[in-house]
Amino acid sequence: MEKAYDPSKHEARIYKLWEESGAFKPAGDPKKPPFSIIMPPPNANGNLHMGHAMYALEDTMARYARMQGRPTLWLPGTDHAGIETQVVFEKELAKAGKSRFDFSPAEFYDATYKFVMENEHNMLAQMRSLGLSADWSRKKFTLDPDIIEIVYDTFKQLHDDGLVYRANRIVNWCPRCNAAFADLEIKYREQIDPLYYIKYGPFVLATVRPETKFGDTALAVHPKDERYTQYIGEAIEADDVLGKIKLKVIADEHVNPDFGTGVIKVTPAHDPNDWEIGQRHKLDVKQAVGTDGRLTEIAGKYAGMKVLDARQQVAQDLEEQGLIEHIDMNYTHSVGYHDRCGTQIEPLVTEQWWLDVQELKKPAIKAIKSGEITFVPSRFKKQALDWLEGLRDWNISRQIWWGIRIPVYYNAKNDSKKPYIIASHETEAEKYYGKGNYEVETDTFDTWFSSGQWPFATIQTTGDFDRFYPTTVMGTMRDILYQWVSRMIMLGLYRTGKIPFQTVYLWGAVNDAQGKKMSKSKGNVINPLEMTTRFGTDALRLALTIGVTPGTGGTISEKKIEGYRNFNNKLWNVARFILEKADDYSPINPDPQTPADHWILARVSRETVAISKAIEAYRFSEAGERVYSLLWNDFADWYLEASKSETNLPVLVNCLESILKLAHPFAPFVTEVIWQEMAWQKQNLIISPWPDNFKTSSAKAGEFTQIMALVSQIRSISVDIGLQKPALLADSNLVLANTGLIKHLARLSGIEKGEGSGLAIPGVSAVWLKVSPEQIQSYVSKLKRRRGEAGEYAARLKSQLDNKAYVKSAPAELVQQTKDRLVEAKELAGELDAQIKAVEA
RNA sequence: GGAUCUGUAGCUCAGUUGGUUAGAGCGCUUGAUUCACAUUCAAGAGGUCACAGGUUCGAGUCCUGUCAGAUCCACCA
C-alpha cells in the first residue's frame, strides 16, 4: 500500500469490479423486505451538476440495504426533458447559425434525439464515476418505446374514464416556443411599466396593455361602486384610435374599486381574470394578439405589429387624439416569463388537451393524509397537500416538437365518424378513417405527464413490478415536489391502485461556501466532476452528506471536500498500519485482552447500532459524522496508539473490518480498495453483510475510559507547565497494571510505584506527576481557576437539589445523576483545595 | 395577500421526542514529530443559542410577539 491514498488510481478499477460482479443487480435474502428506489432521471441534455451528485444519498441507502441482505433494486434512467432539452438544443443550433425552423418537426426530432443520446452516453459514464450502484442493465429512457406505450395507455384510459377533454381556454403562451405552458412553468418578475389612464367616454380606465384594447368586449365596475351604478347595463360609446367603439358596462366582484379609477376594460382573450369575468358574463372573446406575439386583423392598422411596438404606437396615437388622461411611469407589477427560455408570456386562448384532476387527486390526498406516504422532512407533507387540494385542471398538451406526441387522430372529413380517435399506432387511424381521411395530432405531452408515470412505467417494463412496487423511497429535489412528486402519486395510484413509493426524501439545491445559490452569472459554480478528479469521489460524497440536513442541500466548498479527502487518507493509513502486520492473518473472532481491546470493541458495537438507526431514520449526516468520529477520534487516536504498546491483531482487524463496512455506504471506493487488500476476504465489500456487535466486558472497557481521562489530564498539565516527558508516581492498581500503555499515551519518561509527592492529578486518585515545587508554583493559578469552576459547578448542582420541585418532578435517574455529580464535584474541589494549600504552604 | 424555513463559536453547520458544565469541521493560538498518516499529532482560546415575553422543577429545544434573511404559492387592470 502506498503512503497516501490516490483515488484516481483505483476508482475506475473498483467500479468495474462491482459492475462486472453483478453486485448492482437485485439479489439478497428473499425472506427480507425488498428495497427499491427509482432514480429521478436526469435530463439528458448536458453534464452532471452538483444537484445530481446528491444521488449519493440514494446510493448510501441502496448500499446499506444491500449490506443488510435485502433484495435491492436501484433502477436508473434518463429524461428527454421536453421543452428544457428543446431550448438547450436550439441554443446549440444557434451556435451554428441555425434555428429549429430550418428543419421539419420530424427532422428536428431526429436531430434532438441524436443530441440527447450523445449526452445520455456521457451522463451515464459520469454517474458511474460518482460510484452510483444502480443496475444499469435496467436503465430506462423516457422515450423508450415500451415507456411510450404505457403513457399512451394511461392517456387512453383517462380519456375513456372521461378525465381527458379538449377545450378552448386561456393559457400561458410563449411566443418564442410557440407553445402553451402550465402555471408552474411560469416565473413572475417584478418590473416597472407605464400605467396608462385612458379616457373612455365618461370613464377613465387604467391599463398597462393598451394594445389589447381591440380585444375588449366589455367594461366592468364593482357592483357596489356608487360612482358607476347608473351605468351598469348601459352600452357606452366612445372615441378610440380606430374610430368609435361601443362597450357594455357590467358589474363584477373582481373589480377593485380602490385601484385606478375603479373601471376596467375586459379583454377575455388576453387576461386570465378577464377570461373569468368573460365566462361569468358570457362575453365575446376577441383575439387581438396571435400565437406569434403580433396583433391580429382586428387591430386594423396595428395588425402585424409586435406587442411591445403596438403598445407604444397605440399609446402615442391615443395621446395625439387627447384620449390619455395621464401616465403613471412608476407602476410596479409582476409579469410572467417562460422559465425555460425567458420570453414574456402572452395569455392567449387556445385549444388544448386538459386533464380533469378533481377525482384523480382524491386518492393522492388520502394517501398523504393517512401517512401511507411519508415525507422527510415532514413539513413537505403539508406543502404537498396544500398544492393538491388547490389543484385545478391540468393542461397536458404542448405545441413543442421534442416530446411524446399525443396519440390522437382527427377526422379530416368531418363526416359521421368520431371527431377523433386515440390510437397508439397510425395504422389504427388509417383503418378507421381510411387513408388520407384523418389528421395527425402534432401536440406533444407535457413532460411531467409522462414522467408522472415514471415509477410504475419503468418497473413494469423491467419486470420488477410484483417484487419491488410500491418502491421504498423516492429521493429528489424539493423544487419538483409539485410538478413531479405529486403527479407521480396521482398517476401512480390511478394506474396501479397503489402508491408509487412509501417515503419521499427531499433535498435542496447545493449552495456555495457562503450559503449562496450557485449560478453561472455569480461564477460560484462548483463542478462535481472536477472535485472528484481532484479529491476523489468519496470526498465529494462525504462533503454532500455530512453537515447537510434533509430538505436542504447544505453548502459545499473545496475546503470541505479537502477535509473529507483527508479522512479517506486517514482511513487508508489506518488500514496500512494494520495490514502491514497482517501478512499471516487468517480470520478469527476477536479475543479482547486489555481494557483498550474491550473499549474499542464496545465503541464499534455501540456505533454500529447508532449508525444503523441514523441511516434508517434518514439522518445521513449524523450517521456519516459518527463514522468519521469513530474512525478518527476513537480508533485511530486512541486504540491504534494503545495498540502500539500491546498489539492484538484480531481486534485490530475485526474493528477495521467493521469500520470499513460502516463507512462503505458513504465512502464506497476507498473502503472497497482497502477491503481488496485483505487477502483473506472471499467476497467484495459491497455485498458483505453489515457488521454484528462484539462481546465485551463493560467493566474492562470502563477501565480504559479512566485511563483516557488520566492521559488527557497529564497531557494538558504537561503543556501548561511545559513539561517534557515527565515521570509519574502512582499508587493505583489500574495505573500500575497499565504502565506501558500510559507511558506511551501520555508521553511519560516512566511510572513508579509510590505516593504523595509532586502534583496530584485533579479528579484522579492516587496519581502524581513528579514535578518540582517551582513547577507546581507555575501551575497554581490554573489550579485556582479549576477550583473556582468546580466550586461553581457544585453550587449549581446543590441549588438544583435544594429545589424540592426538581427532586419531586424530575425522573429519579436524573436526580440520582445530579447527586452523584455533586459528590464528584465536591471531591474534586476538596482535592484542589488541598493541593493549593500544600503549594502555598 | 397566503404559507414555509432559517437566525447557535470568526466561517459553514449539527443539536432526534425539553434533562450532563451547548458540539463538529474549517480558521486561529501554542507546542510536537524520522517508528501508519504534515492529507499528521497534542493542548488551547472562542458562544448571555437574533431580541422580548410566557409555559415548566428545568428551554438552544415548546408557545406568543418583534427584528433580520431565504424560499414557495397566489396575484397585481
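By convention in this document, chain letters (A, B, ...) are assigned in the order of the sequence lines, proteins followed by strands, and residues within each chain are numbered from 1.
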Identify all side-chain donor-acceptor contacts of residues 610-622 of chain A below 3.5 Å with residues at least two apart in sequence or on another chain.
{"residue": "A/S612", "atom": "OG", "partner": "A/T608", "partner atom": "O", "Å": "2.6"}
{"residue": "A/S612", "atom": "OG", "partner": "A/W690", "partner atom": "NE1", "Å": "2.8"}
{"residue": "A/E616", "atom": "OE2", "partner": "A/Y64", "partner atom": "OH", "Å": "2.4"}
{"residue": "A/R619", "atom": "NE", "partner": "A/E622", "partner atom": "OE1", "Å": "2.8"}
{"residue": "A/R619", "atom": "NH2", "partner": "A/E622", "partner atom": "OE1", "Å": "3.4"}
{"residue": "A/S621", "atom": "OG", "partner": "A/G547", "partner atom": "N", "Å": "2.8"}
{"residue": "A/E622", "atom": "OE2", "partner": "A/R626", "partner atom": "NE", "Å": "2.8"}
{"residue": "A/E622", "atom": "OE2", "partner": "A/R626", "partner atom": "NH2", "Å": "3.4"}

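With B/A36, B/A43, B/A77 as the choices, the nucleotide that has an atom nearest any side-chain atom of A/S716 turns out to be B/A43. Residue A/Y628 has its side chain nearest to B/G25 when only B/G25, B/A36, B/U21 are considered. With B/A36, B/A3, B/C73 as the candidates, the nucleotide lying closest to the side chain of A/K382 is B/A3. Looking at the side chain of A/I264, the nearest of the listed nucleotides B/A77, B/A43, B/U21 is B/A77. Closest approach to the A/Q383 side chain among B/A43, B/U4, B/U21 is made by B/U4 (side chain taken as heavy atoms from C-beta onward). For A/D637, counting side-chain heavy atoms from C-beta on, the closest listed nucleotide (B/A42, B/A77, B/A36) is B/A42. Each of B/A36, B/C73, B/A74 was ranked by its minimum atom distance to the side chain of A/D183; first place goes to B/A74. When distances run from any side-chain atom of A/N566 to the nucleotides B/C37, B/A36, B/U40, the shortest one goes to B/U40.
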Output one line per pair: protein atom, nucleotide atom from nucleotides 67-71 of chain B, and distance, for all N/O pairs under 3.5 Å.
none

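Under the side chain to side chain contact (heavy atoms under 4.5 Å, CB included) criterion, A/V208 pairs with A/D193, A/L195, A/Y331, A/H333, sequence neighbours left out. Every residue was checked against the ring-ring contact (aromatic ring centres under 6.0 Å, His included) condition with A/Y806, not counting sequence neighbours, and none meets it. In this structure A/W387 satisfies the ring-ring contact (aromatic ring centres under 6.0 Å, His included) test together with A/Y482, sequence neighbours excluded. Looking at residues two or more places apart in sequence or on another chain, you find a ring-ring contact (aromatic ring centres under 6.0 Å, His included) between A/Y585 and A/W680. For A/W572, the ring-ring contact (aromatic ring centres under 6.0 Å, His included) test picks out A/Y5, A/H10, with sequence neighbours left out.
Contact check, A/K3 against B/C37: a side-chain N or O comes under 4.0 Å of OP1 or OP2. Listed pair A/K570 / B/U39 fails the phosphate criterion, with no side-chain N or O lying under 4.0 Å from OP1 or OP2. A sub-4.0 Å separation between OP1 or OP2 of B/C41 and a side-chain N or O of A/W632 is present.
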Study note, to complete from the structure: Pairing string of RNA chain B (Watson-Crick or G-U wobble, both atom distances under 3.5 Å; | = paired to other strand) is (((((((..((((.....[...)))).((((((....).))))).....(((((..]....))))))))))))....
**Study point:** Per-nucleotide protein contact string for nucleotides 5-14 of chain B (B base, S sugar-phosphate only, - none; heavy atom under 4.0 Å)
**Key:** S------SSS
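Within the structure, side-chain hydrogen bond (donor to acceptor under 3.5 Å, both in side chains) pairs that include any residue of residues 504-516 of chain A comprise A/D512-A/N524 (at least two apart or interchain). Here salt bridge (Lys or Arg N to Asp or Glu O under 4.0 Å) pairs that include residues 255-276 of chain A, with residues two or more places apart or in two chains, are A/D216-A/K265.
Residues of residues 800-816 of chain A having a heavy atom closer than 4.0 Å to RNA chain B, listed by number: A/N803, A/A805, A/Y806, A/S809, A/A810, A/P811, A/L814.
Ion pair A/R209/A/E346 flagged as a salt bridge, since at least one NZ, NE, NH1 or NH2 atom sits closer than 4.0 Å to an Asp/Glu carboxylate oxygen. Salt bridge status for A/E558 with A/R534: present, with a side-chain N to carboxylate O gap under 4.0 Å.
Residues A/Y228 and A/F203 bring their aromatic ring centres within 6.0 Å.
A distance of 10.0 Å separates OG of A/S643 from CD1 of A/I600, quoted to the nearest 0.5 Å.
A cation-pi geometry, defined here as NZ or CZ lying under 6.0 Å from the six-membered ring centre and within 45° of its normal, holds between A/K644 and A/F577.
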